[in-house]
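Report on one structure; see the data block that follows.
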Amino acid sequence: MPELPEVESLRRILHRSAVGRTIKNARINEPRLRRRISADFAATLGGRRIEDIARRAKYLVVSLSGDLTMLTHLGMSGSWTHRGDGFDAGDFDPRHDHVVLALDDGTTLVYNDPRRFGLMKVVRAEKLGALPELKGLGPEPLSREFNADYLASKTRGKKVAIKNLLMDQRIVAGVGNIYASEILFFAKVRPTRRAGRVTHAELERIVAATPRILRAAIGSRGTTFRSYRDSRGQPGRFAERLQVYGREGKPCFVCSTPIRNVVVGQRASFYCPKCQR
DNA sequence: CTTACATCCTGATTGC
DNA sequence: TGCAATCAGGATGTAA
């Protein structure tokens, strides 16, 4: 479920609560995520100090002492929560609390993931860039690398729908289904449009809208559409600011035309048929 | 190379 | 109300 703003919100909270702490003990309750967590994961993490927590695309990149890096992805339903020492056993979810990191201040970091689409691995820091998960990622959408000329070079001649292209992590890293719909609404481009047919002026609008929307969403600590919660259990507040996502049949905030929902590349895609051509 | 689609899994919501 | 079908914010692997 989480896209860049949700992962970034999580990163900021975890950074405050966990950097500088040492992992006293790591426990794997359920290693069967989309790919099985390596058997030596827990032993490798034990005793390590958390030096930094960064983000790349939708991945959290946790730097550990001893030049190790933990890479984690939330998939569709994953979450990390920081639980204080006041929590009792009742807070434990035996079905989906798959990874528990006990810190030296008595608190715990818990990875919960009902659908188990997430990812969890540890590698030597120097091998990070060579990981298949990170190797092919496109530029961060909040960086200057993501500009209209770059996007034009990626859309040229492409027949895929522009929305699919925006969600392709090799093109730009971190945009998912909700924000792709929102970005295209602000750019006034219909999600079904073939990427190669999007004009340069429209690409400029897409590139301008992207950081605006993502930053606003980060400021609201992300979007809670169904069940997303941040590491303190709080829902994100951006849902109330969504212009099109999840608003099928409701009036467009700009022109009052009913918002439509069409399937593009197997994903629900919301747009205003009048504002977006 | 590009594009299309199934697949991993559980839980919440929708529809009858 | 109850139960079955549908859908979910992601990424990858396979096939055409």
Side-chain angles (χ1 to χ4, degrees), chain A residues 1-10 29-37 55-60 71-80 93-98 111-121 131-138 141 153-184 191-197 213-214 217-218 220-230 235-249 261-270:
Chain A
M1 18 203 290
E3 304 183 34
L4 185 151
E6 291 73 40
V7 178
E8 177 60 23
S9 300
L10 175 62
N29 296 320
E30 172 56 86
R32 294 174 303 164
L33 302 187
R34 191 162 190 283
R35 307 174 100 88
R36 191 181 184 87
I37 300 175
R55 179 191 58 74
R56 173 74 172 112
K58 301 170 194 171
Y59 292 90
L60 282 178
L71 189 70
T72 164
H73 191 292
L74 305 174
M76 291 279 261
S77 57
S79 63
W80 278 99
D93 174 359
R95 288 178 307 170
H96 309 306
D97 280 351
H98 306 314
Y111 181 70
N112 180 288
D113 188 357
R115 292 174 73 178
R116 307 206 316 267
F117 286 176
L119 175 126
M120 194 80 55
K121 58 162 69 174
L131 288 180
E133 289 87 353
L134 301 184
K135 205 168 46 181
L137 289 175
S153 74
K154 294 297 182 183
T155 53
R156 198 164 296 133
K158 293 281 177 65
K159 294 208 290 190
V160 283
I162 183 66
K163 174 162 173 284
N164 290 340
L165 188 127
L166 287 178
M167 292 174 63
D168 185 336
Q169 304 300 297
R170 297 167 302 183
I171 306 291
V172 55
V175 177
N177 203 35
I178 291 181
Y179 297 108
S181 280
E182 295 296 303
I183 288 163
L184 290 171
T192 49
R193 184 100 66 83
R194 289 183 177 204
R197 295 279 183 80
I213 292 168
L214 296 179
I218 293 168
S220 298
R221 280 184 251 97
T223 299
T224 296
F225 191 67
R226 290 179 170 213
S227 59
Y228 167 81
R229 294 289 184 281
D230 72 18
R237 293 179 287 101
F238 197 71
E240 59 208 64
R241 296 177 59 186
L242 294 175
Q243 302 293 300
V244 288
Y245 190 90
R247 298 195 63 247
E248 180 179 12
N261 175 8
V262 292
V263 174
V264 182
Q266 325 289 103
R267 319 288 275 182
S269 306
F270 299 86

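The sequence lines fix the lettering, A, B, ..., with proteins before strands; numbering per chain opens at 1.
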Nearest-angstrom distance from the residue atom [atom1] of [X] to [atom2] of [N]:
| X | N | atom1 | atom2 | value |
| --- | --- | --- | --- | --- |
| A:Y59 | C:dA11 | OH | P | 6 Å |
| A:R194 | B:dT2 | CZ | C1' | 12 Å |
| A:R241 | C:dG9 | CZ | P | 21 Å |
| A:R170 | B:dT3 | CZ | C1' | 10 Å |
| A:L4 | C:dG9 | CG | C1' | 13 Å |
| A:I171 | B:dT3 | CD1 | C1' | 13 Å |
| A:L131 | C:dT12 | CG | C1' | 15 Å |
| A:R115 | B:dT10 | CZ | P | 10 Å |

(request) Mark yes or no for a side-chain to base donor-acceptor pair under 3.5 Å between A:R116 and B:dC9, with no hydrogen or angle criteria applied. (result) no
(request) Please confirm whether any donor atom in the side chain of A:R267 sits under 3.5 Å from an acceptor in the base of C:dA8, or the reverse. (result) no
Does [X] have a side-chain nitrogen or oxygen under 4.0 Å from the phosphate oxygens OP1 or OP2 of [N]?
| X | N | value |
| --- | --- | --- |
| A:Q169 | C:dG10 | no |
| A:Q266 | B:dA4 | no |
| A:H73 | C:dA11 | yes |
| A:H96 | B:dC9 | no |
| A:R35 | C:dT12 | no |
| A:K58 | C:dG10 | yes |

(message) My understanding is that a pair needs two contacts under 3.5 Å, Watson-Crick or G-U wobble. By that rule, which nucleotide pairs with B:dC16?
(response)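 Per the H-bond distance test, C:dG2.
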(request) For C:dG9, give its Watson-Crick or G-U wobble partner with both distances under 3.5 Å, or none. (result)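 Check on C:dG9: unpaired, no WC or wobble geometry under 3.5 Å.
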Measure from the side-chain heavy atoms of [X] and tell me the nearest of [options].
| X | options | answer |
| --- | --- | --- |
| A:R95 | B:dC9, B:dG11, B:dT3 | B:dG11 |
| A:E3 | C:dG9, B:dA6, B:dT3 | C:dG9 |
| A:R34 | C:dA8, B:dC8, B:dT2 | B:dC8 |

For [Y], does its backbone N or O pair with a side-chain atom of [X] as donor and acceptor, under 3.5 Å?
| X | Y | answer |
| --- | --- | --- |
| A:H98 | A:D113 | yes |
| A:Q169 | A:G174 | yes |
| A:R170 | A:V172 | no |
| A:E3 | A:K58 | no |

(request) Name the orientation class of the two ring planes belonging to A:Y111 and A:W80 (parallel below 30°, tilted from 30 to 60°, perpendicular beyond 60°). (result) tilted
(request) Report, as yes or no, whether the 6.0 Å neighbourhood of atom NZ on A:K154 holds more than 12 heavy atoms from other residues, nucleotides or ligands. (result) no
(request) Using the P atoms only, state how far B:dT3 lies from C:dG9, rounded to an integer number of Å. (result)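 Between the two P atoms, the distance is 22 Å.
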(message) Taking only the P atom of each, what is the distance from C:dT14 to B:dC9 in whole angstrom?
(response) 16 Å
(message) According to a cutoff of under 5.5 Å between the ring centres and under 30° between the ring planes, does A:F117 stack with the base of C:dG10?
(response)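 It does: the two rings, one from A:F117 and one from C:dG10, meet the stacking criterion.
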(message) Regarding A:Y245, tell me which of base, sugar-phosphate or nothing describes its non-hydrogen contacts under 4.0 Å with the strands shown.
(response)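 It contacts sugar-phosphate atoms only.
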(request) Report which part of the nucleic acid A:R32 touches: base, sugar-phosphate, or nothing (heavy-atom distance under 4.0 Å, all strands). (result) nothing
